[in-house]
Every structure is written in C-alpha cells, then in structure tokens.
Amino acid sequence: MIGFLVRRILAAIPVLFGVATLVFFILRLLPGDPIALMLAGAPADEETMNNLRQQFGLDQPLIMQYFTFLGHIATGNFGQSFVRSEPVMGMIGEQFVSTLMLTLASTVIAVLLGAVLGVISAIHRNGWADFVIRIISLLGISMPTFWSGILLILIFSVHLNWFPATGSGGFSRLVLPACALGLVGAGFIVRMVRNSMLEVINEQFIMTLRSKGLSERIVMYQHALRNALIPAVTMVGVQIGELLAGAVIIETVFARQGLGRLIVDAIMNKDFPTVEGAVLFTAIVYVVVNILVDVSYSVIDPRVRTSN
C-alpha cells in the first residue's frame with residue numbers, strides 16, 4: 001500500500017506543475033493592467049505606478065516572474081493579494097470552509113441520489129421506473145449548473161418561499177446551491193451505477209448465488225451492489241473535482257462566499273497572486289481527493305494494488 005501511495009503522489013507532481021504553469025501564463029495573456037485596476041481609476045503619476053510594479057515584481061522579465069512564482073509555490077508561499085494586501089493563503093483559508101461545505105453537501109446528494117436511483121433503474125430494467133430515472137439523469141447531466149440554480153431559485157425561493165435565494169451561512173442557504181450542484185453529479189452516477197449493476201447481474205456468480213436459494217434482496221444489495229460500486233467509486237472522485245469547479249459558478253449565482261467568488265473577483269481585478277493561489281489550491285484538493293479515491297478503490301478491489 002505504501003508503494004501504491006508513493007506512485008500516486010509522484011504522478012500528481014507533474015499535474016500540479018502543469019496547472020501552475022498554465023494559470024501563470026494565461027493570466028499574463030489577459031488584457032488589462034493589474035496596477036491600473038488596483039488603483040481603481042484613482043489619479044497616479046507614472047512614478048507611483050512604476051514603484052508599485054517594482055513592489056509586486058511586475059517590472060521583471062516574464063521568465064523571471066515565472067521562476068520567482070515557482071520558487072514561492074515550492075515553499076508554500078502563495079504571495080500577497082494585489083488588491084487587499086493580505087496573504088493569499090489566509091484569504092483562501094477564510095473562503096475554503098464555505099466551498100468545502102457546499103462541495104461535501106452536493107457530493108452527499110449526488111452519491112445517495114445517484115446510487116439509489118441507479119440500483120432501482122438496473123433492477124427494473126426497461127420498466128417505467130427505469131425510463132423515468134434515465135430521463136431524470138439525462139436532464140441532470142444536460143442542464144448547466146447556472147440554469148438549474150436559477151430554476152431552483154425561481155421555484156423554491158420566489159414562488160414557494162421555502163429557502164433564501166442568496167447568501168451564505170446556515171443550513172437553509174446551503175440547500176439550493178447544494179442541490180443545483182448535486183443534480184449534475186447524480187446524473188452521471190446514476191448511469192454509471194446502472195451500467196455496472198447490469199454487468200454484474202449477468203455474471204456467473206450471481207446466478208450461482210440465486211441457485212443456492214439466497215433471496216433476491218441479499219443477492220442484489222450484498223453481492224451485486226458491492227461489485228458494481230467499484231467503477232462508481234472512481235466516478236465519485238471525478239465528480240468531486242467537477243463539483244469543486246462548479247462551485248465557481250454556483251457561488252456566483254447564489255451570491256455565496258467561497259473560493260469560487262474569490263477567484264471570480266480576483267480575475268476581474270487581475271489579482272494574479274490570488275487567482276494563482278486559489279486555482280492551485282483547488283487543484284491540490286482535487287489531486288488529494290483522487291488519491292484517496294484510488295486508495296479506497298484498491299481497498300474494495302485489492303487487484304488494483306497488484307496491477308499498479
């Protein structure tokens with residue numbers, strides 16, 4: 001298991017390096033002067049602007065800025081915000097709790113809803129329940145998160161007045177954004193669990209268990225479901241990454257605090273350190289989650305460890 005973990009961690013290093021490199025150069029390609037945006041239109045002479053560029057290292061050649069950035073990242077220093085003059089890591093820490101709560105809540109909704117509906121769909125293959133569930137999963141996959149979020153606001157906030165439409169804090173303000181994100185993940189998990197269950201149901205060992213007189217419930221939920229969840233576990237890891245990315249949009253739609261709002265505001269202000277730090281931090285979380293998923297995958301099916 002130790003060797004398995006070491007290989008996964010080493011494989012993640014080039015991924016994080018690629019993310020850091022891409023976000024650094026893409027930000028520099030965007031139009032606009034971060035110093036001018038930071039001053040917010042306030043009058044400033046050329047000398048003041050040059051001093052600010054020198055202070056933030058923007059007067060150096062691009063390649064020097066890049067290597068300075070990599071050196072800081074290697075030591076865990078995400079720099080200081082151009083706009084707020086605060087350490088980026090502290091700003092990320094303030095906002096990450098809200099994003100983490102949203103991601104975990106939407107993951108729970110996606111996993112529970114997806115697994116239950118996927119199993120029901122497989123057991124009642126080609127029946128009316130299967131047909132309805134497949135339509136629901138297709139809608140969940142097809143609808144953009146911002147559209148489903150707006151629909152939920154219109155239905156449950158404007159018309160029914162059950163939940164607040166915007167803001168952070170409290171369970172009631174978490175329900176709608178978590179559902180908007182969770183429905184997308186549930187759609188993918190339904191299809192994965194359904195297909196896996198159908199494959200497992202047709203295996204020889206399932207027929208053997210039935211011939212031994214075991215009840216259909218025990219065969220389905222104790223034996224078939226365990227084997228069907230192996231590929232679904234990987235899908236959950238991928239979906240957590242998708243939900244983290246989707247939080248950027250959802251937090252904007254629902255006016256929630258979080259990493260998503262932090263990144264959007266920093267992009268608008270060309271706050272390079274904040275965008276770079278928040279994006280790289282999100283990538284690190286994504287990589288760690290997928291390593292944990294790989295570990296859980298190997299626990300469910302030990303053949304994974306021996307084949308890698």
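Heavy atoms only: backbone and side chains are in, while hydrogens, waters and symmetry mates are out. For reference, positions follow the sequence shown, starting with 1.
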### Query
Can you check whether I153 reaches V253 side chain to side chain, under 4.5 Å on heavy atoms?
yes

### Query
Hey, is R261 close enough to E94 for a salt bridge, meaning N to O under 4.0 Å?
no

### Task
Keeping the roles fixed (side chain from S121, backbone from I133), state whether a donor-acceptor pair exists under 3.5 Å.
no

### Query
Heavy-atom count around F25 CZ within 6.0 Å, excluding the residue itself: above 12?
yes

### Message
Between F254 and R173, does the side-chain contact (heavy atoms from CB on, under 4.5 Å) criterion hold? Intermediate values first, please.
### Response
CA-CA 9 Å; F254 287 90; R173 297 184 185 276; over 6 Å; no

#### Entry: E276 side chain near F78 side chain, heavy-atom distance below 4.5 Å
no

### Task
Identify whether V175 and M143 are in the same connected component of the hydrophobic contact network (ILVMFWY, side-chain heavy atoms under 4.5 Å).
yes

### Query
To the nearest 0.5 Å, what is the distance between CD1 (I155) and CG (N161)?
14.0 Å

### Summary
Residues A178 and L102: closest non-hydrogen pair is N-CD1, 3.6 Å

## Note on the structure
In this structure, CG of L183 is separated from CG of L139 (nearest 0.5 Å) by 10.0 Å

### Task
Can you sort out the partners of W147 under ring-ring contact (aromatic ring centres under 6.0 Å, His included), two or more places apart, ordered by chain and number?
none

### Query
What is the minimum heavy-atom distance between L160 and F156, and which atoms define it?
CD1-CD2, 3.8 Å

### Task
Answer whether the closest heavy-atom distance between the side chains of L104 and V108 falls below 4.5 Å.
no

### Task
Quick one: pull up SG in C179 and CG in L151 and give me the separation to the nearest 0.5 Å.
13.0 Å

### Query
Among the clusters formed by ILVMFWY side chains lying less than 4.5 Å apart, do I109 and V119 turn up in the same one?
no

### Task
State which residues pass ring-ring contact (aromatic ring centres under 6.0 Å, His included) with F281; sequence neighbours excluded, sorted by chain then number.
F96

### Query
Taking C-beta and beyond as the side chain, do L100 and L259 meet within less than 4.5 Å on heavy atoms?
no

### Message
Using modelled atom types and a 3.5 Å cut-off, is there a donor and acceptor pairing between side-chain atoms of S81 and backbone atoms of V88?
### Response
no

### Task
Walk me through it: do L117 and S137 pass the test side-chain contact (heavy atoms from CB on, under 4.5 Å)?
CA-CA 9 Å; L117 294 182; S137 68; over 6 Å; no

### Query
So, for L174 and A105, which heavy atoms are closest and what is the spacing to 0.1 Å?
CD2-CB, 4.0 Å

### Message
Using the rule that Ile, Leu, Val, Met, Phe, Trp and Tyr join whenever any side-chain heavy atoms are under 4.5 Å apart, tell me whether L22 and V275 fall into a single cluster.
### Response
no

### Message
Let me confirm one number: the OG1-CD1 distance from T21 to I26, rounded to the nearest 0.5 Å.
### Response
10.5 Å

#### Entry: Taking every non-hydrogen atom, the tightest pair across I250 and A180
CD1-CB, 3.8 Å

### Task
Check step by step if side-chain contact (heavy atoms from CB on, under 4.5 Å) holds for V23 and L280.
CA-CA 8 Å; V23 72; L280 187 58; 5.9 Å; no

### Query
Are the side chain of S157 and the backbone of L154 linked by a donor-acceptor contact shorter than 3.5 Å?
no

### Query
For the atom pair CG (L181) and OG1 (T107), what is the distance rounded to the nearest 0.5 Å?
8.5 Å

### Query
Are L152 and F146 in one and the same hydrophobic cluster, where Ile, Leu, Val, Met, Phe, Trp and Tyr link if side-chain heavy atoms are under 4.5 Å apart?
yes

### Query
Rounded to the nearest 0.5 Å, how far does CD of Q95 lie from OG1 of T274?
10.5 Å

### Task
Flag yes if V193 and I136 sit in one hydrophobic cluster, no otherwise; membership is Ile, Leu, Val, Met, Phe, Trp, Tyr, and two members link when side-chain heavy atoms are under 4.5 Å apart.
no

### Query
Is any side-chain heavy atom of F24 closer than 4.5 Å to a side-chain heavy atom of L62?
yes

### Summary
For V19 and A283, the nearest pair of non-hydrogen atoms, with its separation, is CG1-CB, 3.9 Å

### Task
Apply the test side-chain contact (heavy atoms from CB on, under 4.5 Å) to residues T99 and R256: give CA-CA distance (whole Å), side-chain angles for both, the deciding distance (0.1 Å), then the verdict.
CA-CA 9 Å; T99 299; R256 286 181 57 85; over 6 Å; no

## Note on the structure
What one should report as the nearest heavy-atom pair of T282 and A278 is OG1-O, 2.8 Å

